[in-house]
**Student:** 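Let me give you the structure first, and then I'll get to my questions.
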Amino acid sequence: MLSNEELQRRFAFHPANDTTGPLHGAVREHCLHLAMDLNDLFPNGGRELALAFTHLEEVMFWANAHVAREVSNEKR
C-alpha cells in the first residue's frame, strides 16, 4: 500500500520553475524530433506508426512527470 504522502506527491500539481522549465522543453523537443524522423522514414504511416506516436507521447508524458515530480524536489 502506498503512503498518504506518496499519494499526495503523485497527485499534486507540480508547476514548472527555472530549473524544470528548460528540462520539460528539452524532453518535448527530443520527442518531437524522433516523431518527425519516424514520419519522414515511413511516409505511408499505418497502424504501427500510429501506435509508435502514441507511445512516444507516453514517453514524453512520463519523462516530464519525472521532471515535475523528482527534479523539482532535488536540491541544486
Side-chain angles (χ1 to χ4, degrees):
M1 182 161 88
L2 297 175
S3 69
N4 286 339
E5 292 80 17
E6 176 62 15
L7 290 173
Q8 289 172 356
R9 185 185 71 81
R10 287 187 184 198
F11 290 93
F13 176 65
H14 304 277
N17 58 40
D18 291 344
T19 301
T20 61
L23 293 172
H24 286 296
V27 167
R28 285 191 306 272
E29 184 177 328
H30 285 288
C31 290
L32 172 60
H33 285 288
L34 178 54
M36 292 173 79
D37 288 345
L38 291 171
N39 209 42
D40 289 342
L41 285 170
F42 307 108
N44 294 330
R47 179 177 180 272
E48 294 81 5
L49 188 60
L51 287 169
F53 289 146
T54 297
H55 290 294
L56 189 53
E57 288 178 281
E58 290 177 2
V59 166
M60 184 176 68
F61 171 82
W62 287 114
N64 275 326
H66 171 76
V67 170
R69 291 177 180 171
E70 306 300 333
V71 174
S72 64
N73 291 326
E74 290 177 3
K75 293 180 179 158
R76 294 188 173 237

**Student:** Once rounded to the nearest 0.5 Å, what's the spacing between atom CD of Glu58 and atom CZ of Phe53?
**Tutor:**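 That separation rounds to 14.0 Å.
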
**Student:** CG/Leu38 to CG/Leu56 distance, rounded to the nearest 0.5 angstrom?
**Tutor:**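 These two atoms lie 7.0 Å from each other.
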
**Student:** Is there side-chain contact between His24 and Met60, with at least one heavy-atom pair below 4.5 Å?
**Tutor:**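 His24 does not reach Met60 side chain to side chain.
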
**Student:** Measuring from atom CZ of Arg9 to atom CG of Leu2, what distance do you get when rounded to the nearest 0.5 angstrom?
**Tutor:**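 If I round to the nearest 0.5 Å, the distance is 9.5 Å.
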
**Student:** List in chain and number order the residues that pass side chain to side chain donor-acceptor pair (under 3.5 Å) with Asn17, two or more places apart in sequence or in another chain; answer none if no residue qualifies.
**Tutor:**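 With sequence neighbours excluded, Asn17 shows a side chain to side chain donor-acceptor pair (under 3.5 Å) to Thr20, given in chain and number order.
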
**Student:** Who are the side chain to side chain donor-acceptor pair (under 3.5 Å) partners of Arg10, not counting sequence neighbours?
**Tutor:**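 With sequence neighbours excluded, Arg10 shows a side chain to side chain donor-acceptor pair (under 3.5 Å) to Glu6, given in chain and number order.
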
**Student:** Walk me through it: do Val67 and Thr19 pass the test side-chain contact (heavy atoms from CB on, under 4.5 Å)?
**Tutor:** CA-CA 9 Å; Val67 170; Thr19 301; over 6 Å; no

**Student:** Out of curiosity, Trp62 CH2 to Arg69 CZ, how far, rounded to the nearest 0.5 Å?
**Tutor:**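 Rounded to the nearest 0.5 Å, the CH2-CZ separation comes to 5.5 Å.
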
**Student:** Are side-chain heavy atoms of Leu23 and Asn64 found at a separation under 4.5 Å?
**Tutor:**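 Side-chain contact under 4.5 Å: no.
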
**Student:** Tell me which one of Glu29, Met36, Arg28 satisfies side-chain contact (heavy atoms from CB on, under 4.5 Å) with Leu32.
**Tutor:**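 So, applying the side-chain contact (heavy atoms from CB on, under 4.5 Å) to Leu32 and each of Glu29, Met36, Arg28, only Met36 qualifies.
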
